[in-house]
Amino acid sequence: RIVAPGRVYRKDDIDATHSMIFHQIEILALDERGKLNLGHLKGTVEHFLKNMFGPDVKVRFRGSYFPFTEPSMEVDVFFRGKWLEVLGCGMVDPNVLTMA
């Protein structure tokens with residue numbers, strides 16, 4: 001299990017919701033196949049967000065696509081009267097580990 005915070009640099013058009021530099025936290029948990037499931041991931045994300053935004057924050061998960069995870073989700077919190085996308089997450093695709 002690792003937690004790796006850091007800056008991300010990418011070519012992006014700058015607007016109200018995008019920047020060429022932003023902060024990201026990578027969290028990776030690996031175990032034997034079948035010992036970690038989507039419930040563990042969702043529980044970890046909700047716990048993190050409740051500590052960041054407060055215990056009463058509303059959290060929603062939306063299906064998405066990221067090339068190295070399956071399933072993949074984007075996560076929003078209801079903040080200051082509107083839904084705000086705060087992170088993407090997913091279960092590591094077993095094929096990624098097989099090819100490593």
Side-chain angles (χ1 to χ4, degrees):
R1 293 173 164 88
I2 65 165
V3 176
R7 287 189 193 123
V8 177
Y9 302 91
R10 71 176 180 198
K11 185 172 172 52
D12 213 343
D13 293 329
I14 298 172
D15 62 24
T17 61
H18 294 88
S19 174
M20 293 172 60
I21 304 170
F22 57 94
H23 291 84
Q24 182 168 308
I25 301 172
E26 289 290 332
I27 301 172
L28 178 65
L30 297 175
D31 208 330
E32 293 177 28
R33 188 180 291 250
K35 288 195 174 182
L36 293 174
N37 61 47
L38 190 59
H40 293 111
L41 174 62
K42 289 177 75 173
T44 300
V45 168
E46 286 186 0
H47 178 77
F48 172 77
L49 293 174
K50 287 181 184 296
N51 279 276
M52 290 295 294
F53 291 94
D56 297 325
V57 70
K58 294 177 187 172
V59 178
R60 77 176 175 190
F61 294 84
R62 296 179 290 112
S64 190
Y65 171 78
F66 301 112
F68 303 110
T69 59
E70 178 59 39
S72 304
M73 298 171 291
E74 291 182 346
V75 185
D76 308 323
V77 296
F78 197 73
F79 185 71
R80 296 184 178 167
K82 63 181 181 177
W83 288 104
L84 174 67
E85 180 184 327
V86 292
L87 61 89
C89 64
M91 303 292 291
V92 175
D93 186 330
N95 292 324
V96 172
L97 301 175
T98 300
M99 301 303 280

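When a residue number appears, it is its place in the shown sequence, counting from 1.
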If you apply the rule side-chain contact (heavy atoms from CB on, under 4.5 Å), what do you find for Glu70 with Asn95, and how did you get there? CA-CA 10 Å; Glu70 178 59 39; Asn95 292 324; over 6 Å; no
Verify the neighbour count for atom CG of Asp13: are there more than 12 heavy atoms of other residues, nucleotides or ligands below 6.0 Å? no
Applying ring-ring contact (aromatic ring centres under 6.0 Å, His included), which residue pairs with at least one partner in residues 33-66 are found, sequence neighbours left out? Phe53-Phe79
Side chain of Lys50, backbone of Val57: donor and acceptor closer than 3.5 Å? yes
So which pairs with a foot in residues 75-84 pass side-chain hydrogen bond (donor to acceptor under 3.5 Å, both in side chains), sequence neighbours left out? Arg60-Asp76, Arg62-Asp76
Hydrophobic clustering (ILVMFWY, side-chain heavy atoms < 4.5 Å, transitive) - are Leu49 and Leu84 grouped together? yes
Would you check if Pro5 and Gln24 make a side-chain contact, meaning some heavy-atom pair closer than 4.5 Å? no
Does the side-chain contact (heavy atoms from CB on, under 4.5 Å) test come out yes or no for Cys89 and Leu41, once each step is laid out? CA-CA 8 Å; Cys89 64; Leu41 174 62; 4.1 Å; yes
Do Val75 and Val3 share a hydrophobic cluster, counting only Ile, Leu, Val, Met, Phe, Trp and Tyr and linking them when any side-chain heavy atoms are less than 4.5 Å apart? yes
Less than 4.5 Å apart, any side-chain heavy atom of Val77 and any of Val86? yes
How long is the span from the CG atom in Leu87 to the CE atom in Met73, to the nearest 0.5 Å? 9.0 Å
Do Leu38 and Met91 touch side chain to side chain, with heavy atoms closer than 4.5 Å? yes
Considering only Ile, Leu, Val, Met, Phe, Trp and Tyr, and joining two whenever side-chain heavy atoms are under 4.5 Å apart, list the other residues clustered with Phe68. Ile2, Leu28, Leu30, Val92, Val96, Leu97
What about Ile21 and Ile25, same hydrophobic cluster or not, with Ile/Leu/Val/Met/Phe/Trp/Tyr joined at side-chain heavy-atom distances under 4.5 Å? no
How many angstroms lie between atom CG of Asp93 and atom OG1 of Thr69, to the nearest 0.5 angstrom? 8.0 Å
